[in-house]
Amino acid sequence: MRPRRAIGRMKHRVESEVDASASAAGEATAVLTAPLSLEGGLAAELKPANIVQRVLSLFRNVRPGADLSHFQLPATFNLPKSQLQLYGEGVYCAGEDYLSRCARGKDSLERLTAVVAWSISTTRPPIFGFAPYNPVLGETHHVSGGSIHVLLEQVSHRPPVSALHATDDGGNVELVWCQNPVPKFHGTSIEATVNGNRQVKLLKFNETYEVDCPNLLIRLLPAPSVEWSGTVRIACKESGLEAELSYHRSRSFLGIGGDARCVKGKVFRSSSGSQETVCEIDGHWDRTVSLKDVQSGEVSVLYDAERAIGNLVTPEVKDTEELSSSESAVVWSEVSEAILAKDWDKASEAKRQVEGRARKLDKERNERGEVWMPKHFSLSQDKNGNWECWPLEKSVRPAPIIVPSS
């Protein structure tokens, strides 16, 4: 059993920072925007002129190796949504239900490859020059899409740690994620590594899949681009099956050209220190990815991006009375409205107010000697500094925000 250090042991629970700040600010409406998808409509709406020069100017005084976790972006560089919403959209916004397919596999290999396909479906096209809001402490995001119900909470601010819990109506699938993004500046690029423990549980089969996340690489020079990169590992201890996926750019000259959306990998069995490759994986995460059975040579389509993340539907509020004041779409509503209207002065002021209230509450809490605790999760950190979280409830209830059927 791994050693753990409990976070937030205290005599009493303090009021949620966002609940308090929202009530102080008065009522607000929820603003929901289109998810990132293959069509890229949101990107086309937001993209200003001279975006490359403007991005480069942001980092003139940033030293290589600097941690950008709390780098303050002007509102003109923000997507009109929180990082919690981006995490959640990867789960509840999908054209084809790859997640439910995981629990329908007839054997362990079929289930493992289904989890691989679902993992690829959470990879969404990033937008160069834009980033979501950094969630404030206690911020939540609660959405239902089809039979899956998803709840996220910002459980730590320094460092930024987000927790996710999702369950389905049939009790077949459960997701428990703890995510800690660490973006670092490397002079000509920025690389964001997403640390944390991400689990997909197939309850009927008593199988747990540990799933990594690719890194986000933002190249500033010589050719500006943003892409997913690195190795993703998916492992099921119960079956002994694992998969490795490499997100990479195809060959290019001096970083110019090449396809940035390639994915290649394998499915294998580990036993006695050796690996037996069962399947080979190859393709593009924004098109199709194929699966080749090594023994038979049979090739099949593992993943189809057009069916999974093409023309995604924007979530909508079903029940305004059930909306929490800590809901991301409520907390950042004024900022998002102003960004969509391209009223940058108003967006900047609204953003300052959200962040200012959070700092004020943090200061007041410290002065009282109180420690804030998450509302929906318990949180710990192991001896290596890795964060883990556990939901306080067994299942996630239906949400006041839904993804309408397309």
Main-chain N/O of Ala131 paired with Asn78 side-chain donor or acceptor, under 3.5 Å: yes
Gln199 versus Glu210, side-chain donor and acceptor atoms under 3.5 Å: yes
Can you check whether Val155's main-chain N or O pairs, donor with acceptor, with Glu153's side chain at less than 3.5 Å? no
Are more than 12 heavy atoms, taken from residues, nucleotides or ligands other than Lys266, located less than 6.0 Å from that residue's NZ atom? yes
Answer yes or no: is there a donor N or O on one side and an acceptor on the other, between the side chain of Lys81 and the main chain of Ala34, under 3.5 Å? yes
Does Arg233 pair with Glu242 as a salt bridge, N-O distance under 4.0 Å? yes
Exactly one of Asp304, Asp259, Asp282 should register a salt bridge (Lys or Arg N to Asp or Glu O under 4.0 Å) with Arg287. Which one does? Asp259
Side-chain ion pair, Lys346 and Glu337, N-O less than 4.0 Å: no
Taking atom types as modelled, find out whether Asp169 and His149 have a side-chain donor-acceptor pair closer than 3.5 angstrom. yes
For the residue pair Thr140 / Glu327, report whether a side-chain donor-acceptor contact shorter than 3.5 Å exists. no
Exactly one candidate in Leu151, Val396, Leu392 meets side chain to side chain contact (heavy atoms under 4.5 Å, CB included) with His376; the answer is Leu151
Is any side-chain N of the basic residue among Arg359 and Asp362 closer than 4.0 Å to the acidic one's carboxylate O? no
Does Arg198 reach the main-chain N or O of Val211 with its side chain, forming a donor-acceptor pair under 3.5 Å? yes
Specify the closest pair of heavy atoms between Pro35 and Leu312, including all atoms of both residues, with the distance to one decimal. CG-CB, 3.6 Å
Answer yes when Glu349 and Arg352 have at least one side-chain N-carboxylate O distance shorter than 4.0 Å, and no when they do not. yes
Does the distance from a Lys or Arg side-chain N to an Asp or Glu carboxylate O, for Glu227 and Arg219, drop under 4.0 Å? yes
Apply side chain to side chain contact (heavy atoms under 4.5 Å, CB included) to Leu379 and Trp387, showing your working. CA-CA 7 Å; Leu379 184 68; Trp387 294 87; 3.7 Å; yes
Between Phe205 and Ser108, is any pair of side-chain heavy atoms under 4.5 Å apart? no
So which atom in Pro135 and which in His157 form the shortest heavy-atom distance, rounded to 0.1 Å? O-ND1, 3.6 Å
Is the shortest side-chain heavy-atom distance between Trp344 and Lys342 below 4.5 Å? yes
Correct closest heavy-atom pair for Leu302 and Ile120 would be CD2-CD1, 4.4 Å
Does Tyr247 reach the side chain of Leu216, with side-chain heavy atoms less than 4.5 Å apart? no
Could you walk me through whether Arg249 and Ser225 pass the side chain to side chain contact (heavy atoms under 4.5 Å, CB included) check? CA-CA 11 Å; Arg249 173 184 285 270; Ser225 65; 3.4 Å; yes
Distance-only polar pair, side chains of Trp332 and Glu139, donor-acceptor under 3.5 Å: yes
Hey, does Phe377 have a side-chain heavy atom less than 4.5 Å from the side chain of Cys178? no
Just wondering, more than 12 heavy atoms not from Glu367 lying within 6.0 Å of its CD? yes
With a 3.5 Å distance limit and no angle check, can you tell me whether Ser336 reaches the backbone of Ser333 through a side-chain donor-acceptor pair? no
Does Asn206 reach the side chain of Glu238, with side-chain heavy atoms less than 4.5 Å apart? no
Run the numbers on Ser380 and Trp390 for side chain to side chain contact (heavy atoms under 4.5 Å, CB included), then give the verdict. CA-CA 9 Å; Ser380 76; Trp390 297 269; 3.0 Å; yes
Checking Ser348 side chain against Asp345 main chain: does a donor-acceptor pair fall under 3.5 Å? no
Please give me the minimum heavy-atom distance between Ile309 and Ser37, naming the atom from each residue. O-CB, 3.1 Å
Any sub-3.5 Å donor-acceptor pair from Lys264's side-chain atoms to His248's backbone N or O? no
Any luck finding a side-chain donor-acceptor pair between Ser119 and Tyr209 under 3.5 Å? no
Below 4.5 Å, heavy atoms only, C-beta onward: do Ile218 and Glu191 meet side chain to side chain? no
4.5 Å side-chain heavy-atom contact, Val136 and Gln154: no
Strictly distance-based, threshold 3.5 Å: is any side-chain N or O of Asp168 a donor or acceptor partner for the main-chain N or O of Val173? yes
Assess whether side chain to side chain contact (heavy atoms under 4.5 Å, CB included) is satisfied between Ser189 and Leu217, documenting all intermediate values. CA-CA 7 Å; Ser189 66; Leu217 179 63; 4.2 Å; yes
Is the number of heavy atoms from other residues, nucleotides or ligands under 6.0 Å of Glu393 CD greater than 12? no
Keeping the roles fixed (side chain from Arg111, backbone from Gly105), state whether a donor-acceptor pair exists under 3.5 Å. yes
Arg124 bridged to Glu89 by N-O distance under 4.0 Å: no
If you define the side chain from C-beta out and look only at heavy atoms, does anything of Trp285 sit under 4.5 Å from Ser121? no
